[in-house]
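Values reported hereafter were calculated over all heavy atoms of this structure, with side chains retained and with hydrogens, waters and symmetry mates removed. All chains are named by letter (A, B, ...) in the order of the sequence lines, taking the proteins before the strands, and each is independently numbered beginning at 1.
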Amino acid sequence: MAKKSLKKLTEIVAPDFDLAMTLDSGQVFHWEKIGNRFYGTIGNHAVWLEQHGRILKVRDGKSSALSGLIENYFALDHPLAEICDSFPDDPIMNVARSYCHGLRIMRQPKWECLAMFICSSMKQVAHIRQISKKIRERFGERRKIEHHELFTFPSPGRIAQSSEKELRECALGYRAKNLLGTAQLIDSGVVNLEEESTSSDDDLLGKLCQLPGVGAKVANCVMLFAYERLRAFPIDVWIERVLRAQYFPRKRNMTAGRLRAFAETHFGEHGGYAQQYLFHHARMAARANLSAPPR
DNA sequence: CTCCAGGGATGAT
DNA sequence: ATCATCCATGGA
């Protein structure tokens, strides 16, 4: 009885959910796939997850059942069918919608999401994942789950008391100064990420854009992935290419501003979901073209 | 409005 | 083994 393990295996019913696609869609960067399992942290909890059809198996590293935490993190309560129905009915959107079945926009911890998207600027997904790993290993807290070692994401205070030099050693380059500056603003209380939960979309965008290293694209990612602002429509080069090619193939002088205005009205109240589906589909199509290039 | 630094992985030669 | 490419932000 004394030796009884505190670890728990939990099963969660998760219909309309694709764990692998969700974790590989460029919204989160620290999950590691080993065999059929995905290892990672949710806040301070280390877990692994395994999907079998509509069942999600979850192993917690310490104790306590975590179904509520998991359901919230992966937004299993989002009415996905309704959301997909709200997308515009046009050819590229229809392809993306059927390709991305089960892809959900997660609810990530705000600071962790903000910090990673500051690090993401001018980087490709593979490299962002390495930066995430290095920051965690160097500044995070160690957690063990079975024989695996995972690290939590360090607090703003922990980053604030590090140095630009140390951060540069995590391959951040010029982003080190931005991450440090933002961590200091949050740690000192000048900016309170939790308090902004009640701000309007416009106010939140404005607040986020005041932080060093945060422009419109990063701010919109954080709004979408951590503040559940499902209208937020981040426009990066992938999405810009899709919008230009699919909706304005012959217009040479579509400015960035006009594209943004179009996106905000065309994709509706769940524009962020539509963006994520277009983004993921475009990336996967490009990946496929590497082995079978056109012509 | 345009131009450009910036860093490290990844793909091409 | 080098060379080109990918890319958000911020400042000139």
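Candidate nucleotides B/dC1, C/dC7, C/dT9 were compared by shortest atom distance to the side chain of A/R241, and C/dC7 ranks first. Residue A/T255 has its side chain nearest to B/dC1 when only B/dC1, B/dG7, C/dC7 are considered. The listed nucleotides are B/dG8, C/dT9, C/dC7; the one nearest the side chain of A/V218 is C/dT9. In this structure, the nucleotide among B/dG7, C/dC6, C/dT9 sitting nearest to the side chain of A/R168 is B/dG7.
When Watson-Crick and G-U wobble pairs are counted only if both distances are under 3.5 Å, B/dG11 pairs with C/dC3. Across every strand in view, C/dG11 sits in a pair with B/dC3 that passes the Watson-Crick or G-U test at under 3.5 angstrom.
A/E164 has its CD atom 10 Å from the P atom of B/dG7, to the nearest Å. For A/I131 and B/dT10, the CD1 to C1' distance is 14 Å, given to the nearest whole Å. Atom CE of A/M122 and atom C1' of B/dG7 are 8 Å apart (whole Å). Note: CD1 (A/I128) to P (C/dT9) measures 12 Å, nearest angstrom. The distance between atom CG of A/L205 and atom P of C/dT9, rounded to the nearest whole Å, is 11 Å. In this structure, A/K134 atom NZ and B/dG7 atom P are separated by 14 Å, rounded to whole Å. In this structure, A/L172 places its CG atom 15 Å from P of C/dT9, rounding to the nearest Å. Atom CD1 of A/I118 and atom P of B/dG7 are 18 Å apart (whole Å).
Of the side-chain N and O atoms in A/W238, one or more sit less than 4.0 angstrom from OP1 or OP2 of C/dC7. Remark: A/Q130 is in phosphate contact with B/dT10, judged by side-chain N or O atoms under 4.0 Å from OP1 or OP2.
At the heavy-atom level, A/L211 lies under 4.0 Å from the strands shown only through sugar-phosphate atoms.
Ion pair A/E71/A/R107 not flagged as a salt bridge, since none of the NZ, NE, NH1 or NH2 atoms sits closer than 4.0 Å to an Asp/Glu carboxylate oxygen.
Judged by distance alone, with hydrogens and angles left aside, the side-chain atoms of A/R175 form a donor-acceptor pair with the main-chain N or O of A/S121 at under 3.5 Å. Listed for the A/T182 side chain is a donor-acceptor partner under 3.5 Å among the backbone atoms of A/P212.
A/L103 contributes atom CG, which lies 8.0 Å from atom CG of A/L80 (distance to the nearest 0.5 angstrom). A/L9 CG to A/R59 CZ: the interatomic distance, rounded to the nearest 0.5 Å, is 5.0 Å.
Position along DNA chain C of the nearest nucleotide to A/K217 versus A/Q124 favours A/Q124 as the more 5'-ward residue.
In the hydrophobic clustering of ILVMFWY residues, with side-chain heavy atoms under 4.5 Å counting as a link, A/W31 and A/W111 come out apart. Transitive grouping of hydrophobic side chains (ILVMFWY, heavy atoms separated by less than 4.5 Å) keeps A/M122 and A/F29 in distinct clusters.
Annotation for A/K177: atom NZ does not count as buried by contact number, only 12 or fewer foreign heavy atoms lying within 6.0 Å.
In the region residues 173-187 of chain A, proximity to DNA chain C at under 4.0 angstrom, judged on heavy atoms, holds for A/Y174.
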